[in-house]
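Start at 1 with the first residue, then count along the sequence.
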Amino acid sequence: MMKGMHRSGVFKKSNGTAKLIITTIMGIVVGYFIGVSFPSVSITKVILPSGIYSPFDMTMHEDRSKALERSFPENLGSGNTPETPKIYVPTNPRGAESLPPGIVVAETDLYLRRLWGEPSEDLKKKPKYLVTFTVGWGQRGNIDASIKKFSADFQILLFHYDGVVTEWDQYEWSKQAIHISVRKQTKWWYAKRFLHPDIVAAYDYIFIWDEDLGVEHFNADKYIQLVKKHGLEISQPGLEPNNGLTWQMTKRRGDKEVHKDTEEKPGWCSDPHLPPCAAFVEIMAPVFSRAAWRCVWHMIQNDLVHGWGLDFALRRCVKPAHEKIGVVDSQWIIHQVVPSLGSQGQSENGEAPWKGVRDRCKSEWALFQDRLANADKAYFKQIGKE
């Protein structure tokens, strides 16, 4: 009897186990067919009713969703990377022909940006104009006074030729300025390398100034107003007549807002519309419109670092030059004639360092004139008008 009961219990236990196994298998099969009958659902797209979240959960969910929207694509392996589209746009900038035009950014700016937050919220105000000074620490007082004449509409850029940079942070404005330091270089060397027209395209006007300018009678905002009023593409402030004056054209006139021509010494001007009687400003404190600078930049020679002779050629970049180039008299400056860059030269054959710098300036002027004349000849020969 006990043996029969034992066999009966074993049978019942085996029967229950079999039912459990069959039920599990059937559940897996049914689940599989249900699963393949519906399209796949991405968990990042599921939106649950807000009622099931606490306020804290809602905040966390929103932040997480925002981050997920901006995260890298899922399954970033090469097997899921789309093929590179075949694109060729000849009107794109050189070297970018294989890119869709919508992604090409051909120009930039010198706006300072944060390392955090939304890019669209980086700039509370975009400077409209760019002012550059090539400076040495010895002229810090003068530069401080000069920069205070420029409002928040002006981006400040300092080129340091003496290697002194961090010390400038004693001035509050310096912390928002851009500093570029390369020893023993001139402002035209810097301009050629750091002020490419596509880099400064965001600015309506570009000031490229020396460090030894007295600005007691100068206001940058009023200067811009007059430049616009008189249609000047290339300009400079008038110079105080008694200090550092070389040309009559740049001499300040007390009875005018702006002048565009002058009278020079007999025989100096073959045409009253040509330099130095018109269409002329000096290279110590020029101001260029965006369009004019795009042309002038291309005329600056890589190896002719002092810029001598460039002032006589500026007229090639605006038409008509005698109308578009002028001197702003009512906002004027004083050339203090501080030969600070001369001290950056090197003494040779017992001569003072400034002597070698001055000799090179004169030599560069002759070289520039020769190159320009040869370029003209080559062009006219090419088009058959020798």
(message) So Gln176 and Ile156, do their side chains get closer than 4.5 Å, heavy atoms only?
(response) no

(message) Between Arg360 (side chain only) and Val357 (backbone N and O only), is there a donor and an acceptor less than 3.5 Å apart?
(response) no

(request) With rounding to the nearest 0.5 Å, note down the distance linking CD1 in Ile234 to SG in Cys317. (result) 6.0 Å

(request) Using the test salt bridge (charged side-chain N to carboxylate O under 4.0 Å, His left out), find all partners of Lys229 that sit at least two apart in sequence or belong to another chain. (result) Glu257

(request) State, with a plain yes or no, whether a side-chain heavy atom of Arg294 is found less than 4.5 Å away from one of Arg290. (result) no

(message) Please tell me whether Ile325 and Leu274 are part of a single hydrophobic cluster in this structure, the criterion being side-chain heavy atoms less than 4.5 Å apart.
(response) no

(request) With sequence neighbours left out, write down each residue that passes side-chain contact (heavy atoms from CB on, under 4.5 Å) with Glu121, or none if nothing qualifies. (result) Arg114, Glu118

(message) Out of the candidates Tyr203, Tyr129, Trp293, only one should pair with Phe288 under the ring-ring contact (aromatic ring centres under 6.0 Å, His included) rule; please name it.
(response) Trp293

(request) Could you list all the disulfide bond (SG atoms under 2.5 Å apart) pairs where at least one residue sits in residues 118-226, not counting sequence neighbours? (result) none

(request) For His298, check ring pair (Phe, Tyr, Trp, His ring centres under 6.0 Å) against everything at least two apart and list the hits. (result) none

(request) Report yes or no: does Asp210 contribute a side-chain atom to a donor-acceptor pair with the main-chain N or O of Asp212 at less than 3.5 Å? (result) no

(request) Hey, could you give me the CG/OH distance between Leu195 and Tyr190, rounded to the nearest 0.5 Å? (result) 11.5 Å

Determine all donor-acceptor pairs shorter than 3.5 Å in which one atom belongs to a side chain in residues 163-170; sequence neighbours excluded.
unit_1, atom_1, unit_2, atom_2, d
Trp168, NE1, His160, ND1, 3.4
Trp168, NE1, Val164, O, 3.3
Asp169, OD1, Ser174, OG, 3.2

(request) Can you run down the disulfide bond (SG atoms under 2.5 Å apart) pairs that involve residues 116-216, sequence neighbours left out, and say none if there aren't any? (result) none

Side-chain donor-acceptor pairs under 3.5 Å in residues 261-269, sequence neighbours left out?
unit_1, atom_1, unit_2, atom_2, d
Thr262, OG1, Arg253, NH2, 3.1
Glu264, OE2, Gln248, N, 2.8

(request) Kindly indicate whether the side chain of Phe159, heavy atoms from C-beta on, has any atom under 4.5 Å from the side chain of Arg193. (result) no

(request) Just say parallel, tilted or perpendicular for the rings of Tyr223 and Phe218, cut-offs at 30° and 60°. (result) tilted

(message) Using 0.5 Å steps for rounding, measure from the CZ atom of Arg252 to the CD atom of Gln331.
(response) 10.0 Å

(request) Give the other cluster members for Phe380, using side-chain heavy-atom distances under 4.5 Å between Ile, Leu, Val, Met, Phe, Trp and Tyr residues; answer none if it is isolated. (result) Tyr379, Ile383

(message) Quick check on the hydrophobic clustering: are Val89 and Leu99 connected, directly or via other members, by side-chain heavy-atom contacts under 4.5 Å?
(response) no

(request) Indicate the atoms forming the closest heavy-atom contact of Arg183 with Asp162, along with that distance. (result) NH1-O, 3.1 Å

(request) Dump the intermediate steps for side-chain contact (heavy atoms from CB on, under 4.5 Å) on Leu367 and Leu304, then the final yes or no. (result) CA-CA 8 Å; Leu367 282 170; Leu304 305 185; 4.0 Å; yes

(message) Please find the pair of heavy atoms, one from Glu211 and one from Val135, that lie closest to each other, and give the distance.
(response) OE1-CA, 3.4 Å

(request) Output the rest of the hydrophobic cluster of Val105: all Ile, Leu, Val, Met, Phe, Trp and Tyr residues reachable through side-chain heavy-atom contacts under 4.5 Å, sorted by chain and number. (result) none

(message) Run Phe280 and Asp311 through side-chain contact (heavy atoms from CB on, under 4.5 Å) and show every step you take.
(response) CA-CA 6 Å; Phe280 177 78; Asp311 39 14; 3.8 Å; yes

(request) Enter the distance from Met299:CE to Arg371:CZ here, rounded to the nearest 0.5 Å. (result) 13.5 Å

(request) State, yes or no, whether a side-chain contact exists between Thr134 and Thr186 at a heavy-atom distance under 4.5 Å. (result) no

(message) Tell me the closest heavy-atom pair linking Ala191 and Trp297, and the distance in Å.
(response) O-NE1, 3.4 Å

(request) Give me the ring orientation class for Phe150 and Trp209: parallel if the planes are under 30° apart, tilted from 30 to 60°, perpendicular past 60°. (result) perpendicular

(request) List for me each residue that meets ring pair (Phe, Tyr, Trp, His ring centres under 6.0 Å) alongside Trp188, sequence neighbours excluded, and say none if there are none. (result) none

(message) Contact between Arg113 and Leu123 at the side-chain level, heavy atoms closer than 4.5 Å - yes or no?
(response) yes

(message) Among Leu110, Ile208, Val200, which residue satisfies the side-chain contact (heavy atoms from CB on, under 4.5 Å) criterion with Leu157?
(response) Leu110

(message) I'd like to know if Lys148 pairs up with Asp144 as an ion pair, taking the criterion as any Lys NZ or Arg NE/NH1/NH2 lying under 4.0 Å from an Asp or Glu carboxylate oxygen.
(response) yes

(message) Would you say that Phe154 contacts Asp221 through its side chain, given a criterion of any heavy-atom pair below 4.5 Å between the two side chains?
(response) yes

(request) Look at the side chain of Lys260 and the backbone N and O of Glu323, then say whether any donor-acceptor pair between them is shorter than 3.5 Å. (result) yes

(request) Using the side-chain hydrogen bond (donor to acceptor under 3.5 Å, both in side chains) rule, pick out the option among Gln236, Glu282, His259 that qualifies with Thr250. (result) Glu282

(message) With a 4.5 Å cut-off on side-chain heavy atoms, are Asp153 and Lys125 touching?
(response) yes

(message) Give me the atom names and distance for the closest heavy-atom approach of Met249 to Pro276.
(response) CB-O, 3.3 Å

(request) State whether the side chain of Gln369 and the backbone N or O of Gly309 hold a donor-acceptor pair below 3.5 Å, judged by distance alone. (result) no

(request) Output yes when a side-chain donor or acceptor of Asn142 lies under 3.5 Å from a complementary backbone atom of Leu213, and no otherwise. (result) yes

(message) Around atom NZ of Lys228, are there more than 12 heavy atoms from other residues, nucleotides or ligands closer than 6.0 Å?
(response) yes

(message) Donor-acceptor check, side chain of Lys187 to backbone of Ile283, threshold 3.5 angstrom: yes or no?
(response) yes

(request) Scan residues 92-111 for pairs that pass side-chain hydrogen bond (donor to acceptor under 3.5 Å, both in side chains), counting only residues two or more places apart or in two chains. (result) none

(message) Closer than 3.5 angstrom, by distance alone: can the side chain of Glu364 be matched with the main-chain N or O of Val305 as a donor-acceptor pair?
(response) yes

(message) Can you confirm whether Leu158 sits close enough to Ile147 that some side-chain heavy atom of one is under 4.5 Å from a side-chain heavy atom of the other?
(response) yes

(request) Among Ile, Leu, Val, Met, Phe, Trp and Tyr joined by side-chain contacts under 4.5 Å, find the other residues sharing a cluster with Leu115 and list them by chain and number. (result) Trp116

(message) How long is the straight-line distance from CD1 of Ile300 back to CZ of Phe368, given to the nearest 0.5 Å?
(response) 9.0 Å

(request) Mind listing the closest non-hydrogen atom pair of Val318 and Ala292 along with its distance? (result) CG1-CB, 4.0 Å

(message) Nearest 0.5 Å, please: how far is CD1 in Ile87 from CD1 in Ile103?
(response) 10.5 Å

(request) Spell out, as yes or no, whether a donor-acceptor pair under 3.5 Å connects the side chain of Arg316 to the backbone of Ala321. (result) no

(request) Give the minimum heavy-atom separation between Ala285 and Ile333, together with the two atoms involved. (result) CB-CD1, 3.9 Å

(request) In sequence, state the C-alpha distance, the side-chain angles, and the governing distance for Val328 and His230, and then conclude on side-chain contact (heavy atoms from CB on, under 4.5 Å). (result) CA-CA 9 Å; Val328 178; His230 293 275; over 6 Å; no

(request) Flag the pair Phe312 / Trp247 as yes when their ring centroid distance falls below 6.0 Å, and as no otherwise. (result) yes

